[in-house]
There are 2 protein chains.
Amino acid sequence: MALKRKGQEFRQHIVATANRLFYRRGYNQTSFTDIADAAEIPRGNFYYYFKTKDEILDAVVDYRLEGIRAMLAEWEASIPEPRDRLKRYVQILLNEERDILRYGCPMGTLNVELSKTQLVLQSRSREMFEVFFDWLKTQFLAMGCGRAARDHALHVLAVTQGVSLLTNAFEDGAFLRREAAKLKQWIDEI
Amino acid sequence: MALKRKGQEFRQHIVATANRLFYRRGYNQTSFTDIADAAEIPRGNFYYYFKTKDEILDAVVDYRLEGIRAMLAEWEASIPEPRDRLKRYVQILLNEERDILRYGCPMGTLNVELSKTQLVLQSRSREMFEVFFDWLKTQFLAMGCGRAARDHALHVLAVTQGVSLLTNAFEDGAFLRREAAKLKQWIDEI
DNA sequence: GTCTATATACGGATAGAC
DNA sequence: GTCTATCCGTATATAGAC
């Protein structure tokens with residue numbers, strides 16, 4: 001029992017390390033050697049847990065989805081007003097400013113990379129967008145936006161993605177803060 | 001003289017081919033073999049024109065910058081009103097819908113890729129954003145936006161980038177058309 | 001200037017000892 | 001379950017014949 005638990009921790013350790021590297025270096029630019037070095041485990045070792053590199057990405061996406069769903073559930077529990085929940089979503093930009101400046105959005109940049117030549121993997125990474133989209137739409141529906149809820153949800157996703165991309169490209173934190181404020185104001189005016 | 005000219009055409013042919021492949025497959029996922037095959041020239045051949053892969057990207061960025069500057073100059077000459085010029089910029093989204101659906105924005109996706117682990121090359125790709133930014137700002141200034149011109153220019157860049165990214169992620173052309181219309185309307189209301 | 005053959009390094013993946 | 005040694009393919013890049 002103790003041994004099996006250790007094995008699972010081992011696996012989790014690999015996934016968490018790969019997750020960090022896939023964000024910072026990109027998927028294709030992260031080698032097995034990179035992951036092994038960062039996780040401080042022998043190179044050939046994790047083929048016991050993952051037969052191919054694709055499977056590691058699969059596990060990383062599951063790991064991220066779990067984190068996203070837990071975060072959204074926490075917001076649902078602690079923030080009563082849909083409008084405030086939407087603004088909490090925008091707040092991510094400000095909380096993650098440092099990482100966005102350097103590496104962009106984890107979700108957006110992964111999707112951009114995979115959509116070029118790895119469509120099967122891209123469809124997995126798109127699931128993250130879909131989870132956020134469904135949640136955003138639900139909030140707009142709760143605000144009484146009706147048929148516009150879908151458009152609004154996609155709009156918020158697009159603006160946050162565009163802001164992350166430009167913030168990263170120009171290394172401009174002030175721009176990110178201005179646009180986050182504008183988006184919160186837009187939400188308030190609905 | 002004829003020989004030299006042939007050499008330059010050879011070089012241009014390589015750059016144009018690399019440009020297309022860098023857009024469709026990404027920079028790191030495009031090999032010399034890919035370029036050689038697509039251009040129908042022997043592999044080792046173009047080391048005569050480019051000593052490293054970096055140099056090919058450099059030439060590709062120059063090639064794109066040339067195209068962007070020519071396009072903007074053409075708009076300046078044929079479209080008298082700054083407001084109409086801005087809407088012409090947004091119109092790119094609609095004209096390039098098919099490619100955006102499949103490969104995203106050439107400028108944005110290249111920047112995302114290079115900003116992870118190739119900062120020197122990223123600073124070159126950022127030049128494309130800067131050319132568009134300067135031009136957009138000039139148009140907003142001509143419309144009398146004053147100090148807001150800078151923010152407006154970055155805003156337009158961010159929205160078009162976000163829309164391209166989401167359109168590609170969800171393969172949703174209708175979303176792109178809706179957002180392009182909204183952005184044109186926003187320009188009209190300034 | 002053009003092309004072939006090849007050097008060298010590193011990628012993902014495997015075999016099998018322990 | 002863990003780790004070492006290694007295979008094989010492909011990557012960028014070079015040497016040198018023509």
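In what follows, chains are A, B, ... by sequence order, proteins preceding strands, each numbered from 1.
One end of the helix from C:dG1-D:dC18 to C:dC18-D:dG1 points its axis 10° away from the other end's axis, with each axis taken from 5 pairs and the angle rounded to 10°.
B:Phe32 has its ring centre less than 6.0 Å from the ring centre of B:Tyr47.
In this structure, the ring-ring contact (aromatic ring centres under 6.0 Å, His included) partners of B:Tyr89, at least two apart in sequence or on a different chain, are B:Phe132. Qualifying salt bridge (Lys or Arg N to Asp or Glu O under 4.0 Å) partners for A:Glu74, counting only residues two or more places apart in sequence or in other chains: none. For B:Leu94, the side chain to side chain contact (heavy atoms under 4.5 Å, CB included) test picks out B:Gln91, B:Leu176, B:Arg177, B:Ala180, B:Lys184, with sequence neighbours left out. In this view, A:Arg178 and B:Asp151 satisfy the side chain to side chain donor-acceptor pair (under 3.5 Å) rule, not counting sequence neighbours. Qualifying ring-ring contact (aromatic ring centres under 6.0 Å, His included) partners for A:Tyr27, counting only residues two or more places apart in sequence or in other chains: A:Phe22.
Among the nucleotides D:dC3, D:dT12, C:dT2, the one closest to any side-chain atom of B:Lys53 is D:dT12. With distances taken from any side-chain atom of A:Pro42 to the nucleotides C:dC3, D:dT4, D:dT2, the minimum falls on D:dT4. Checked against D:dA13, C:dA13, C:dG1, the side chain of A:Thr52 finds its nearest nucleotide in C:dA13.
Applying the ring pair (Phe, Tyr, Trp, His ring centres under 6.0 Å) test to every pair with at least one member in residues 57-78 of chain A, sequence neighbours left out, gives these pairs: A:Trp75-A:Trp135. Residue pairs meeting the ring pair (Phe, Tyr, Trp, His ring centres under 6.0 Å) criterion with at least one member in residues 94-114 of chain B, sequence neighbours excluded, are B:Tyr23-B:Tyr103.
Taking atom NZ of A:Lys51 as the reference point, atom C1' of D:dG1 lies 14 Å away to the nearest angstrom. A:His13 places its NE2 atom 17 Å from the P atom of D:dG1, with the value rounded to the nearest Å. Put simply, CZ on A:Arg43 is 12 Å from C1' on C:dG12, counting in whole angstrom units. The distance from atom CZ of B:Phe50 to atom C1' of C:dT2 is 15 Å, rounded to the nearest whole Å. At whole-Å resolution of the value, CG in A:Asn45 and C1' in D:dA5 are 14 Å apart. Rounded to whole Å, atom P of D:dT12 lies 13 Å from atom CG of B:Leu57.
Close to D:dT2, at under 4.0 Å from its OP1 or OP2, lies no side-chain N or O of A:Tyr48. Here B:Tyr47 does not reach the OP1 or OP2 of C:dC3: none of its side-chain N or O atoms lies under 4.0 Å away.
Counting only N and O atoms by type, the side chains of A:Asp172 and A:Thr167 include no donor and acceptor under 3.5 Å apart.
Contacts between residues 22-38 of chain B and DNA chain C, counted as heavy-atom distances below 4.0 Å, involve no residue at all.
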